[in-house]
J.: 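Submitted below is the structure of interest, expressed as C-alpha cells.
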Amino acid sequence: MLQQFLDSLIADGTLGGMPRDVAYLIGMLGAGALVVFGFVLNISGVTTFVERRVWARIQSRIGPNRVGPQGILQWLADGIKLLMKEEAIPFAADSALFKLAPFVVTVGFITAFVAVPFSSALVIADLNLGILYITSMTSLVVVGIMIAGWASNNKWSLIGGIRAAAQIVSYEIPAALSIFTVILITGTLSMQGIIQQQGWGPWDWFIFHSPFTFVGFFITFVSLLAEGNRTPFDLPEAESELVAGFVTEYSGARYLFFFLVEWGNLYVISAILVTLFLGGWQVPMIPGLAESPFWLNLTQAVTFIVKSYAGVITMMWIRATLPRVRVDQLMSTCWKYLLPIAFVNFMGTALWVLIWPEGFRFAELALTLLGFSMVVYFFYRVVFHLRRSGAELTFSPLS
Amino acid sequence: MSIAGFEVEVDRGRGLETEEMTLNMGPQHPSTHGVLRFVVKADGEIMRRAIPDVGYLHRSIEKISEKVGYHGFMPYTDRVDYVAAMFCNQGWGMVTEKLADIEVPKRGEYCRVIAAELNRISSHLLSVGTMILDIGAITPFFHAFREREKINDLLEELCGARLTYNYMRIGGVAWDLPPGYEEKVLAFLSQFDRMLEEYDDLVTSNKLFRARCSGVAAISPADAAAYNLVGPNLRACGVRYDVRRDEPYSVYPELEFDVPVGTGSAGAVGDSFDRYLVRILEIKESIKILRQCFQQIPDGPVVAKVPRKLKPPAGDVQIRVESARGDMSWYAVSDGSEFPYRCKVRTGSFAAMGMIEELSKGLMLADLVTVIASLDIVAPEVDR
Amino acid sequence: MVGGFNAYFSNIFEVASTVFEGMAVTFSHFVRKPTTIQYPDRMAIRVQDTLPYRYRGILEVDLEICTGCLACERACPIDCIVIDAKKDKSTKKMMLNRFDIDIAKCMYCGLCSEPCPTGSIHHTPEFEGADFSLESMMRRFVKQPVAAYKPKKVEDDPEVAPILERGMRYLDEFADPAGKTGTDS
Amino acid sequence: MTEFSMFPVVFYLMAAITVGSAFGVAFTNNIFYSAIALMFTLLGAAGLYVMLAADFVAVVQVFVYVGGILVLTLFAINLTSRIGDVSVSNRSLGRFPSFLVLGLIGYSMVRAIRTAAWNVVEVGDPVPTIEAIGDAFLTQYILPFELASLVLLAALVGAVVLSRKELKEVRG
C-alpha cells in the first residue's frame, strides 16, 4: 500500500526529481514514526494506566483518576514528568553502555511490531516468517537488559540482568516448541497465513483444534509471560528482593524506555497469542461486510485489538493475583514441566495432523464445550466468592 | 537446602569455584521492614550468610522512662512496637501495677484484653500481608490492610488514635468502651471471618505461595529454644507455649482459646509457611477471644484509683506479656522516687533477628526476604 | 525419584486449581465497591466530621475556662505545653501571661486533657497541621494577659456558660478516665 | 541514465557495521565491550543476509546468535568477571603468530576472490526460502543435518556433565 502510494506521488511529480529509493526510505521512516508515535507509544502508555486501574479495582482501590477524565491522561503526565527529570548516571557506571541499553531494548521491542497483523490488510509487513521474526526480535530485549544490568555497576542490577538472561533463554525453548505446534498445523510461519486458516468461531480457533493445542496454548502463555518478565516470573526486577533489578540505577527518560518496553511487550505477547490460538482478526462474514474493504478492515482491527487487550488485562489480573516464583522454581517449571509437556504436545500434534489433516470436528466442538464450561465454572466460583464476602457491589468501571 | 522440592546436600568441595559477592541489603531496601541492614555474602543466588546490622532505629526509649515518670512513660511505650502498641502499653501498665501493688478492676482488664486482641489481629494482618508482598503478590497485601484499616477505625473509636494508642493507664484503661462498641466489633468480626476464608482461598491454599515458603528456614524446637525464639515463631516450630496460657495474666484464665502450633503442612515443621499459618490461626483464636470477652465483660470501673504522683516502693519487678511478636518481657526497677530507676524491654523481634544469620546459610537470595517477613521482624522493636 | 508420575501431575493440578481459585477471588473484586476515601476534595463530608469523638487531634485551649492550675503542663511527658501563670499583686487575681503549645513537639497522647478540671485544654478533630515553619507550629493562646477562670458553684456568665458546659461534657466523655460508668476516681 | 539506488548505500552501511564492529570485537580491551561489538557484527551480517534475499537465514541468525549465543556469552561474562574490575582483556597470542594467520587467511581469500566465477544474478523480489531450505535439509542434506544434531546433542550432554553439581539426596 505504501509502495503504491509513493509510486503515485513520484509519478505525478509531487516529490520532484527525488530518487525512488530515497523516497521509499523517507516514506518508510515516516510510516514507522507514525506507527511508533501513533500506536506503539500510546498503547504502552494507556496500558500503564489500565494496569493501574485494574489493579486498583482488584485491591479495593480506585486508582489514578485525577489527570484528565477518569485519569486517562495519567500516563501522559507520568511520561512528561519522567522526560523532564534529571538523569543521573552513576559515577562508576559504564556510561556509554549505560546509555546504549535502553535503546537496544526499545529497538528490540518496536521492530517486533512490524509483523503484528491488525486486520487482513492492516499490517506493516506480512513477512513470510512473521512469527519467527517476532520471537527473534524480542530476543534483542534481553541483550539490552543484560547490558543495563552490567553497565549500572550495581550488584542488584547485575543479579537482575543475570536472572533475566537465564529466564528468557530457558523459556524461549518451550515457547518456541509450542508455537511450532501451531506451525505444524498451518504449514506457514506468516502471521497472516496462520490467521487465515482459522475461523471466527471459537471452534475454528487453533486453541480448540486438538487437545494438544489446548495444552499448548497454556504453555505458550506461561512461557511468554516469563519472557515478558511478568508476574509470576518478574524475577529480574523483583522489587522486594533486588530493589528494582536491572533498572535500579536508571532514572528519567531512560527509565521510561524500560517501562515503555515492559508494558508494550504485554501487547506483543497478547497479539502473538491471539494470532496463534485465538483466531486473530477473524470476523463472521456478514453479507455486505465483505464488499466494503474499509468496514471489513475496521471490524477486523477492532476484533483483533479487543482480543489482544483482553489478553493484556488477563496478564494484569494474573500479576495482581499470584506471588513470584523463586529462581530454582522458575527453572524447574521450565525444564521439568513446560519443556517435556511441550515436547509431548509437539509429537501429539504431528500425529494429529497426520491422522486428521483437515482437523477433527468432534474434538474441536468437544474442546470448545470444555473451554466454555471452564468459563462457566469460573463465573460460578466468582459469584460464590461475591456472595460469601457480602460486599457492596458496583458494576461501573469508573468508580 | 532444598532444590525443586528435594532435600539435597550440595557438595561445594570441588568443581567450579565461584567468587563470593558481598551485597549490602539495606538500610534502605524495600523489604527490610523498617530501617534494617543485612550484609549478605552470596554466591550467585545462594547466600553463604546474611549478617544483620541493627541499631538504625535506636531511640533510647528505655532511658526516656527514667526522666518522664510512670504515668508519662505510657505514650512512649507505643513507640516500642508501633505495630502492636497495645501490648507495650499493657506491659508497662502491668509492670508498674506489680511494682506499686495496684489492682486493676475487672472491666478494665476486659477492656485491655479486647483492645489487645484487636491489636493482635491487626498486627498479624500486617505481618502476613507484608510477607505475601515480599514474596511478590501485591493484592493480598491490600486486602489485609483493608481489614486492618477497619480495626484501626475501631481502635480509633476506642482510644482516639490509630497507631499510637496510649489507651492503657496504670491501673486500668483510659476510656471505657464507647456506646455501641460491642455491636460494631461483632459486626466487623462476622465480616472478617468471611474475609479470612477468602484470604485462605487467595493466599494460603495457593500452590505457588506454598512452594515459596515450604521448607524455607525450618527451625527445630531445640534451635528455637537455643536462640530464645518466642511467640508465633516458637509455636510454628511445634512448641505449644503461649504466655497467655502458660503464665496467665489479666483475664486470660477465664477465656477459652487454643494455642495453634506448626504442623509442617507445606513442608517441614517450623518452616516459613508454618510461621505464616500460625499467625492466620492465631487471628482466628483472637476472634474467638473477642467474642467471649464481649459475653463475659462485667460492669464496673475501668481504672483503679492511682495517685497522680506515683511513687512505688523500691524494688524490681519483671512481667511477661504475650505480644503479637511473642513473649515481651518488661523489667522495671524502682528506687522509691517518682521516676523509674531503670526499665528494660525484651522483645520478640530481637530474638528472631539474632537467628537470621544462622537461618540464612544456604538459602536463596529471594528466601531472605521470606525469612525476614515470616519471622515478623519490626525494626523499631529490635532497636527500641 | 520420589512420588513419580503421581506427584508430577498432582503438582500441575494443584497449581492450576489453586491459581484458578485465586483468579476467581481477584476477579470477584472487579465488581466490588472500592473502599478508597478520596481525601480531601472528593468527599461527601469532611474527614474531620467523620472522626470519632475521642479522636486526638490538634490541641486547643479555651482560655475563658482555663484555671491556670498547670496540671496539663505537669502531665505533659514532652513539655510541649508552657504556661506562665502569676498572681497579680495588685488585683489579687491569677493572671495567664503565656499559654503556648508546641504542636511540632506534641505527640497527641491525651495525657494533658485528662487532669484538666474544666475541660479547657482539649483535642479537636483537626489534624491538618502542615506548615512552612516551626515557629508557626507554636500555638500561642494568650494574646494579652488575661485573668484565669475561677470555678463557681453555678456559672452565670452567659458567655462562659456554654463553653464550660462543652468543657464539662468533654471531660465526661473523653477525659474522665471512669467514662460514663461512673467510678470513685 | 540509471536511477540512483539505495541498494549500494545500504550494502556499504551494513558492511561497514559488520567489519567495524568485528574490529571492535578483536581490539577492545574490555571483554564486555567485545561481546557488545559482536552483537553489532551479527546484526550487520543479518542485514547482509536480508540484502541477499535470504530472510530465513537472517532471522535465524538473530534468533540463534543474538538471542541465544550472545546472551549466553554475556551471561558467562556477568557471572565470571569481577564487577569492580572491568578491564578484563582478551589475551593475544603475540605479533608473529597473528600475522602468520592473517597472511594465510588473506592469501586464501584473495585467491578465492580471484578464482571464483562471479555470476551476476538478477535480484528479483525476495521469494520465500523456508520451504526450499526445509526440503533440502530433509532430502539432499539429511546426513549432515543428522550429524549436526548428534554433535549438538553431545555438546548438550557434555555441558550438563560439566556443570552438574554433586547432589546427594538426603530426603525426597
Side-chain angles (χ1 to χ4, degrees), chain A residues 53-66 71 215 218-219 221-222 225 231-232 313-323 325 329 332-333 336-338 340-341 344 374-399, chain C residues 1-58 108 124-133 136:
Chain A
R53 288 299 289 259
V54 165
W55 278 24
R57 280 309 289 271
I58 288 176
Q59 296 160 357
S60 304
R61 299 183 286 121
I62 296 176
N65 65 350
R66 298 291 167 125
V215 177
F218 292 102
I219 292 180
F221 188 52
V222 172
L225 270 183
T231 306
I313 288 176
T314 308
M315 279 184 264
M316 295 166 179
W317 168 29
I318 287 176
R319 187 169 179 190
T321 308
L322 296 182
V325 300
Q329 291 162 354
S332 71
T333 311
K336 279 171 65 182
Y337 291 94
L338 295 184
I341 299 174
V344 170
M374 273 168 74
V375 172
V376 168
Y377 179 67
F378 179 77
F379 279 101
Y380 163 75
R381 291 306 296 175
V382 169
V383 171
F384 168 79
H385 288 303
L386 276 177
R387 288 198 168 182
R388 187 177 60 190
S389 74
E392 208 177 331
L393 302 188
T394 168
F395 290 95
S396 153
L398 300 179
S399 63
Chain C
M1 290 304 248
V2 187
F5 268 117
N6 262 343
Y8 187 82
F9 286 108
S10 78
N11 258 347
I12 297 176
F13 178 75
E14 257 183 73
V15 170
S17 62
T18 55
V19 167
F20 186 86
E21 195 65 34
M23 300 277 283
V25 171
T26 43
F27 192 89
S28 74
H29 274 82
F30 277 125
V31 292
R32 294 191 204 180
K33 210 172 167 59
T35 52
T36 307
I37 295 168
Q38 299 198 59
Y39 169 82
D41 57 334
R42 292 193 190 167
M43 300 193 63
I45 38 172
R46 290 170 72 234
V47 181
Q48 283 87 339
D49 301 335
T50 65
L51 295 173
Y53 190 78
R54 286 174 184 171
Y55 183 76
R56 303 202 298 262
I58 292 171
Y108 308 99
T124 58
E126 280 305 325
F127 56 86
E128 292 161 327
D131 214 324
F132 291 102
S133 69
S136 57

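Naming: A, B, ... by sequence-line order, numbering from 1 per chain. Keep in mind it's a predicted model, so treat the numbers as computed, not measured.
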J.: Does A:Y380 have more than 12 heavy atoms from other residues, nucleotides or ligands lying within 6.0 Å of its OH?
T.: no

J.: What part of A:I58 gets within 4.5 angstrom of chain C, counting heavy atoms only: side chain, backbone, both, or neither?
T.: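 Its backbone and side chain both get close to chain C.
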
J.: Please state whether the side chain, the backbone, both or neither of A:V383 comes within less than 4.5 Å of a heavy atom of chain C.
T.: neither

J.: Using the ring of each side chain (for Trp, its six-membered ring), is C:F20 parallel, tilted or perpendicular to A:Y377, with breaks at 30° and 60°?
T.: parallel

J.: Under 4.5 Å, counting heavy-atom pairs only, tell me which of A:T333, A:T321, A:T314, A:L322 racks up the most with chain C.
T.: A:T321

J.: Count the heavy atoms belonging to other residues, nucleotides or ligands that lie under 6.0 Å from CD1 of C:I12, then report whether that count exceeds 12.
T.: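 It does: C:I12 CD1 has more than 12 such atoms within range.
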
J.: Relative to the ring of C:F27, is the ring of A:W317 parallel (under 30°), tilted (30 to 60°) or perpendicular (over 60°)?
T.: tilted

J.: Answer with side chain, backbone, both or neither: which region of A:F384 has an atom nearer than 4.5 Å to a non-hydrogen atom of chain C?
T.: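 Contact with chain C: none, neither part.
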
J.: Is the backbone N or O of C:P34 less than 3.5 Å from a side-chain atom of A:R57, with the two atoms forming a donor-acceptor pair by type?
T.: no

J.: Is A:R66 close to chain C through its backbone or its side chain, or both, or neither, when contacts mean heavy atoms under 4.5 Å?
T.: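 Contact with chain C is through both the backbone and side chain of A:R66.
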
J.: With a 4.5 angstrom heavy-atom cut-off, which part of A:P340 approaches chain C: side chain, backbone, both or neither?
T.: side chain

